[in-house]
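Below: the structure, in structure tokens.
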Amino acid sequence: MDFSLNQEQRAWQEKARKFAAEEIAPLSLERDAILDPFDAFDWEIIKKGSKLGFRTAVISREQGGHDIDFVTQAIVMTELAKADSAISKTFSQCWKWSHLIAAVCNDDQKERFLEPFLADDTFVLGFGATEPNGGSDNRMPPPGDIRAGHRLAGRVEGDTMVLNGDKVFIANGSIAKLFFVYVRTDPTVPIGQGTTLMMVPRDTPGFRHGKVFNKSGWRFYQNAELIFENARLPMANMVGELNGALRRREGEIGGDLFGDLELAANGLGICDAACDKAIALVRARKNGGALKDQQLIQLKIGRMKMLTEALRSYVMRVAWEHDEHILSTNAGLAMNLATDIIQEVTEIGMEIFDHAGTPMDRGIDKLVRDTFIWSHLAGDSVQRMKVARRVLSEEKFNLI
Amino acid sequence: MYDLRLSEEQIAIRDMVRDFVAQDVFPIATKPERLEPFDTPLAIDLVDAASELGLRTLALPEDAGGAGADTLTCCIVAEELAAGDVDVASVLARTAALGGVLFNQLMNDEQRGRFLPAFVEDSRYHLALADREAGMETALGVDYHRDTGNRVDVATTARRNDRGEWVVNGEKTRVANAPLAKLFAVLVATDAGNGILLVPADAPGLTVTEVPRDGGWYVGSCGDVSFKDCAVPADNMLGPEAADLLAGPGSDFGLPEAQAINLGVGRAAFEAAMEYAGVRVQGGRPIVEHQAIGAKLAEVLINLETARNAIWQAAWTVDNPGAEPTGNFPPLPRAKISQVVTAERIYRATKDSAECFGAMGVMRDMPLQKYIHVSRVFLHTGDGNADTKLRIAEAATGFSHP
């Protein structure tokens, strides 16, 4: 076993740490406090990060990216999230679909979309699955139920697909230049057999974004409604086969391997931020005596740090497994665990501020609000049951 | 004897408030602009309407113009109101509780004669207790179970001038109701020890600065109060028992009512989650019919009931001084216990309720995120639960600071 980072990994860590501390951290609370959810976003920080490679980090070198491995991806997401979880997620959302482009897009699609993506610092990616009718049903479809799940309708007319319907809560919905969208191309069968993945450029006629959702946390991160009114797409924008988007390919175990790691690694950054804030406060302040001399406070700091380091170990193991092409249920489990740990660690952080006897700190308040996003994204009962069902399945994974 | 039934009067008041909340409060409180945690102004019209219903003067005897409500009844009213609007409930509960203890218990006849008529007549007459000193250490901390200091450091002073008046100088911080109050009960240090002085809001030298709602880290109304050579009549000092009762380190004044407000918030979250779980269909059936959601709602209900039991026992103990619901000796510090139980349970209850809504649970135009935020404020106000637990431990061992 070797826990050390190589030179390249350390270099990315240093670069991310510096960018986070010097550029992201100073504007994090300011963006968080903006009341309009669209105005909370800021292109300048995305452009700066893009120029340093954070937007295109996982595209292969031959294609003009940086090809960083999963361990490096985890490290960078954590470092950026330490300064602002939502800004980190805006970058890594691009990686999520960069992985998809590399894995399943054909050469024509790679050429048409990768080039502009690499060339434009404001080219960010989004993905649309959720609809008012299909939240949990998209992620864990009830077997055989054709009414369940997304209904964004796609009608094939020769070499064109015509889209009608709505998506909600869509990541980067108000800013992305390209979306990957689940389309119901056969409503007579369950979504597992009747869904097609389409690439939707922002300037597609008949397509626009609607409401930007006003979240209590992750304020910078944009989630928006997508509206399709006779939106026309060339069939050349279809990824994979018609009705084939949700069919499992051989060797897959289900789950979203990068997405699961992403939420765990990002959460780790929040834990690091909470620990740093709490430790600095305890070292500096007194209330009922010096905080650092009080048993209850020592116990709380110990627990924050213990949980944070335990999560780090799990995150890094998952990243390493991804790099080694080892299939396991660990990514999903780490994501579930991250939900529990980041909420407990930030909530203890709040208790530490109680001990200081001052009105609540805006920074720790933001961290706590950001972590509640995990409750429906990473650690709700559907996300936990999906992983549990993989654990219970008889399929043999290459477990270590 | 063990009787948990409410009286007919308690049920009547509860139903009256519940109707008021359903018809007048809830539709306004759940408008999207009122759900932002950062800068939501107090719904003063609703405070006035509730005042007209008698909820401000609830604890005064009937012959003085009140409803003669005991602490338990005040808790029932606070829960109902808070299920509609936590800020309205907080303002009224504070004034009602202070009205009860000041007019019924601590003022002498002369003071009552001077202040009571205006309090009863003016529906915007609110009360505040100014006890927290700016910049003072308040936590028990390293003095837990030690003979060292029983700090009630009071830097706000009251000294006699040559006309025999009390002249107050000092700063109080985060005083509930300060921006609305017409009369302050102020904890002051005098040459003869700590006391509670009645200071009208229009006394020269008294200035109130509303605490910004930045982040919304309080409920109700909150202000800092400064006193600069603020002179009030010699007869405005309450009796010597007032300081310990209202502001001593062992004081539990207003605690059960505050927990009842938090409970009301948890109940609102639960009711919203129950309603949604009955109509939201995923997995082929209403989500309440799935084990994962059913068990979560059961947890919420258990937490609400546990908190309500603790609060009502604490309130009953206040209403029956010297008695102990379960015959324990030494008597349990029930108000403090109810504070810890309620803060922890209601926080879990609001989070679990919000989880039933998926992503809608974090949206600012939906009430769930506000319920979570408010329960978080209750969990992290003052010195927090950790300090209260230490004081419960001291009480359990019979330890008291010298």
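Computed from a prediction, not measured in an experiment: that's the story for all the values here.
The distance from the CG atom of A/Asp380 to the CZ atom of B/Phe357 is 14.5 Å, given to the nearest 0.5 Å. With rounding to the nearest 0.5 Å, the separation of OG in A/Ser136 from CD1 in B/Ile293 is 7.5 Å. Taking OG from A/Ser216 and CE from B/Met363, the interatomic distance works out to 8.5 Å, rounded to the nearest 0.5 Å.
In this structure, B/Arg132 and A/Gly357 approach most closely via the heavy-atom pair NH2-O, 3.5 Å. Closest heavy-atom contact between B/Gly358 and A/His376: C-CB, 3.7 Å. Nearest heavy atom pair, residue A/Ile373 against residue B/Val362, reads CD1-CG2, 4.1 Å. Residues B/Glu137 and A/Asn287 share a closest heavy-atom pair of CA-OD1, 3.2 Å. The heavy-atom pair separating B/Gly284 from A/Asp145 by the smallest distance is CA-OD2, 3.8 Å. Of all non-hydrogen atoms in B/Gln282 and A/Gly135, the two that sit nearest each other are OE1-N, 3.1 Å.
Contact count versus chain A (heavy atoms, under 4.5 Å) is highest, among B/Ala359, B/Ala292, B/Ala354, B/Pro32, for B/Ala359. Interface remark: of the candidates B/Gln369, B/Arg376, B/Arg174, B/Arg376 forms the most heavy-atom pairs closer than 4.5 Å to chain A. Taking A/Met350, A/Gln294, A/Gln343 one by one and counting their heavy-atom pairs under 4.5 Å with chain B, the maximum is reached by A/Met350. Interface summary for chain B: among A/Thr130, A/Asn133, A/Asp293, the most heavy-atom pairs under 4.5 angstrom belong to A/Asn133. For the set A/Arg384, A/Lys286, A/Arg147, the entry with the most heavy-atom pairs within less than 4.5 Å of chain B is A/Lys286.
A/Lys211 has a carboxylate O that lies under 4.0 Å from a charged side-chain N of B/Asp365, or vice versa, which qualifies the two as a salt bridge.
Contacts between A/Lys300 and chain B at a heavy-atom distance below 4.5 Å involve the side chain alone, from C-beta outward. Heavy-atom distances place the side chain of A/Ser381, and not its backbone, under 4.5 Å from chain B. Using a 4.5 Å cut-off between heavy atoms, A/Val168 makes no contact with chain B at all. Contact of B/Leu379 with chain A is made through the backbone alone, with heavy-atom distances under 4.5 Å. Using a 4.5 Å cut-off between heavy atoms, A/Phe372 contacts chain B through both its backbone and its side chain. Neither the backbone nor the side chain of B/Lys389 comes within less than 4.5 Å of any heavy atom in chain A.
A heavy-atom distance below 4.5 Å is not found between the side chains of A/Met360 and B/Tyr218. B/Tyr347 is listed as a side-chain neighbour of A/Glu347, based on a closest heavy-atom distance under 4.5 Å.
Counted within 6.0 Å of CD on A/Gln298, heavy atoms from surrounding residues, nucleotides or ligands total more than 12; the atom is thus considered enclosed.
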side-chain contact (heavy atoms from CB on, under 4.5 Å) between A/Leu296 and B/Asp387, intermediate numbers included: CA-CA 10 Å; A/Leu296 288 183; B/Asp387 214 62; over 6 Å; no
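Judged by distance alone, the side chain of A/Asn214 and the main-chain N or O of B/Arg364 form no donor-acceptor pair under 3.5 Å.
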